[in-house]
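To start, the structure under review is shown below, and the notes come after it.
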Amino acid sequence: MQNKDISHIFREIAKILELKGENLFRIRAYERAAQTIEDLPESIVKVYEEKRLTSLPGIGNDLAKKVEELVTTGLLNYYHELKKQIPSGVIDMLGISGLGPKTVKLLYDNLGIDSIEKLEKACRQGSLLSLEGIKEKTQSNILRGVELYKHARERIYLHLGLDIAEKIIKQLKSTGLIEKIEIAGSLRRKKENAKDIDILAVSKKPSEVMDAFTASPLAAQVLVKGQTKSSVLANERNIQVDLRIVGEKNFGSALMYFTGSKDFNIKMRQLAIKKGYHLNEYGLFSDKDSFKKRTLASKSEKEIFSFLGMAYIPPELREARGEIEASLEDNLPELVEFGDIRGDFHIHSDYSDGSISLEEIVLCAKDKGYEYVGICDHSQSLKVARGLSVSLLHKKIEAVRMIDNRQKNIKVFCGSEVDILAQGKLDYPDSVLKEIDFVIAAIHSGFKQSKQELTQRIVRACQNPYVRAIAHPTGGLRGLREPYEIDFDEVFKAARDYNTALEINCHPERMDLSDTRAMAAQRFGVKLILGTDAHNAEQFDLMAFGVNAARRAWLERQDVINCLSLDELSKWLGK
DNA sequence: GCCGTTTTCGGCCCGACTGTTTTCAGTCG
């Protein structure tokens, strides 16, 4: 039973309870617990075994018992009973935008609609009009929701989301109606993927901006259009874009609200209440009553945090994972910044499957202002990526040495991304490994092995005296291949004890370790290393996304190998 | 169902937009 299985079951329970019209706060308790378990950087089974379940936020006695039942029996009787009451197709209908529990229940109870297919048919036949409170407009909106559902929009990578957002911002600015505009939402928090794009702007003519936005050539479809808030589907990737207009004096509070996360907002508002204030997107107020209230802060986020006695919380941390408490105690981490990065290690040259030469790599690294660069090509077994035979590796070592000798302002290391073979042996013998400056070990085969076998392979690699890091430790390819299962405690322990770094692979399809895993690793005492896995010149830019993930993982400079000075790095390489 | 520096009971974030109403419920973020 994995964390994601249990969080899935809790979410399903929440949906069924919604359909049954249960107490909203009870429903939210299940959703909150699901989120806690999903974000949990360690195995819920371990938390259960160590009797720490009720110490998790949002998990009390009752939910702890349910987790226990799931962990020990693999089943949950309560869930089983609930599922009997509502067909699964009815639960699926909740996934349709604009269709909530009340309407779904109405459709199911009165028309027996228990699947999205039946819903679509009923809309087309006009059957919904027989119901009280549903007229032509609602029916066509539901049908539109069904259409959108069928062309399911997936979450998009951060870099693509930022790209689309920039285009829209550029277009809006060109209207001349905008005084100030910023990306908010999960993109501002630098979350690795986004389900929508949130933009906040200041304008004296909000309704004209709304007209321009909804009529934009970049918008394929208008979902909602109001005085100060509109949503469209972008013609690129069909992603939803929300635009909100506020006054200059509310910009800070609106930016905070619109940046989220949702859980962060809830906690902030609760904190404001506890201190006797009232917080919403228009500001921090002395009182909820609109006649008595005075504005305490609203213009900038800093002002609001400061009035609440808090240190400024960078957007990347705003996930309700303890940052509010840390901020109140003035105990926030000093997050690593892009400017702290002094080099990149995980780069492939045209010796194996990269498209750039050694010389070009050095130029790219200099261009980034790096002090050092490691060139890692694949090892001999990885034939598909033209892994280097021992003799070719020797040639490459020679070539790198020659280039390095010619450099004044940058140190060039010869590295290798060495396969961890099925039994945990490395793809070059130690006698060869010791000639390489930087060995990063990786699993590229045998993904189907058991959790124990995969864990042992990585542990053995960590223990090898020549291995300095483990590349993409969980092996997932987003949307393509599920990560393999490993025992993180064991891997973290080996990495810490043998001073082997774990990579945050910056490639958007990898992002491995993820932010929450990297956070867990750091708390275990493991060092992290950022690697772009660049195979061409453009991919050097992916480092920024690794820094984003590192910041979301609460990492400071001393946690990240790429921040070491050349001297410190050389010492570390010597293990 | 959770949770506690006002509380072990009685709260639980809050406002915009929509459609169907004639003051509001449902949905969303």
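The chains referred to below are lettered A, B, ... by the order of the sequence lines, with proteins before strands, and numbering in each begins at 1.
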Nearest-0.5 Å distance that lies between atom CZ in A/Arg481 and atom CG in A/Leu477: 4.0 Å
Regarding A/Leu17, tell me which of base, sugar-phosphate or nothing describes its non-hydrogen contacts under 4.0 Å with the strands shown. nothing
Could you tell me the separation between the NZ atom of A/Lys105 and the C1' atom of B/dG26, rounded to a whole number of Å? 15 Å
What does the list of N/O pairs under 3.5 Å between the protein and nucleotides 14-18 of chain B look like, with a distance for each?
unit_1, atom_1, unit_2, atom_2, d
B/dC14, OP1, A/His278, ND1, 3.2
B/dC14, O4', A/Arg269, NH1, 2.7
B/dG15, OP1, A/His278, NE2, 3.4
B/dG15, OP1, A/Asn280, ND2, 3.0
B/dA16, OP1, A/Tyr282, OH, 2.5
B/dC17, OP1, A/Gln227, N, 3.1
B/dC17, OP1, A/Thr228, N, 2.9
B/dC17, OP1, A/Thr228, OG1, 3.3
B/dC17, OP1, A/Lys229, N, 2.9
B/dT18, OP1, A/Lys225, N, 2.7
B/dT18, OP1, A/Lys225, O, 2.7
B/dT18, OP2, A/Lys225, O, 3.0

Please report the distance separating the P of B/dT22 from the corresponding atom of B/dG29, rounded so that it comes out in whole Å. 28 Å
May I ask which nucleotide in the shown strands pairs with B/dT8, Watson-Crick or G-U wobble, both distances under 3.5 Å? none
How many Å lie between CZ on A/Phe25 and P on B/dC12, as a whole number? 6 Å
Rounded to the nearest 0.5 Å, how far does CD of A/Gln35 lie from CG of A/Asp263? 6.0 Å
Kindly indicate, with the supporting measurements, whether the criterion salt bridge (charged side-chain N to carboxylate O under 4.0 Å, His left out) is fulfilled by A/Glu120 and A/Arg144. CA-CA 10 Å; A/Glu120 178 172 13; A/Arg144 186 177 68 172; over 6 Å; no
Classify the nucleic acid contact of A/Asn265 as base, sugar-phosphate or nothing, counting any heavy atom under 4.0 Å across all strands shown. nothing
Working to the nearest 0.5 angstrom, can you tell me the gap between A/Ile245 CD1 and A/Phe213 CZ? 9.0 Å
May I ask you to say what A/Gln139 touches in the nucleic acid, namely base, sugar-phosphate or nothing, with a heavy-atom cut-off under 4.0 Å? nothing
Contact class for A/Thr103 vs. all strands (heavy atom < 4.0 Å): base, sugar-phosphate, or nothing? sugar-phosphate
B/dT20 versus B/dT27 - spacing of their P atoms, nearest Å: 13 Å
If the plane angle is over 60° it's perpendicular, under 30° parallel, otherwise tilted; pick one for A/Phe492 and A/Phe488. tilted
Compare all side-chain heavy atoms of A/Phe305 with those of A/Met256 and state whether any distance is below 4.5 angstrom. yes
Whole Å only: how far is the CD1 atom of A/Ile27 from the C1' atom of B/dG26? 14 Å
A/Ala29 vs A/Pro101, nearer the 5' end of DNA chain B by closest nucleotide: A/Ala29
Within 6.0 angstrom of A/Lys83 NZ, more than 12 heavy atoms from elsewhere: no
Can you tell me, in whole Å, how much space there is between the C1' of B/dT7 and that of B/dC3? 10 Å
Rounded C1' spacing from B/dG26 to B/dT21 in Å: 13 Å
Distance in angstrom units between A/Glu18 CD and B/dG1 P, rounded: 15 Å
With a non-hydrogen cut-off below 4.0 angstrom, is A/Lys66 in contact with a base, only sugar-phosphate, or nothing? sugar-phosphate
B/dG19 to B/dT23 separation - C1' atoms, rounded to the nearest Å: 13 Å
Distance between P atoms of B/dT5 and B/dG1 (Å, rounded): 23 Å
Rounded to whole angstrom units, what separation is found between the CZ atom of A/Phe285 and the P atom of B/dC13? 18 Å
Separation of B/dC2 atom C1' from A/Phe10 atom CZ, nearest Å, is 13 Å
Work out how far the P atom of B/dC9 is from that of B/dC14, and round it to whole angstrom. 25 Å
What's A/Leu24 touching, base or sugar-phosphate or nothing? Going by heavy atoms closer than 4.0 Å. nothing
Quickly work out the A/Gln35 CD to B/dG29 C1' distance and round it to whole Å. 14 Å
Quick check for you: to the nearest 0.5 Å, what is the distance between A/Arg11 atom CZ and A/Ile27 atom CD1? 14.0 Å
Report yes if at least one side-chain N or O of A/Arg28 is closer than 4.0 Å to OP1 or OP2 of B/dC13; otherwise report no. yes
CZ of A/Arg26 versus C1' of B/dG11: gap in Å, rounded? 17 Å
Reading DNA chain B from 5' onward, which residue's closest nucleotide shows up sooner: A/Glu132 or A/Leu94? A/Glu132
For A/Phe545 and A/Tyr157, I'd like to know if the aromatic rings sit close, meaning centre-to-centre distance below 6.0 Å. no
Could you give the distance separating B/dC13 and B/dT18 at their P atoms, to the nearest angstrom? 25 Å
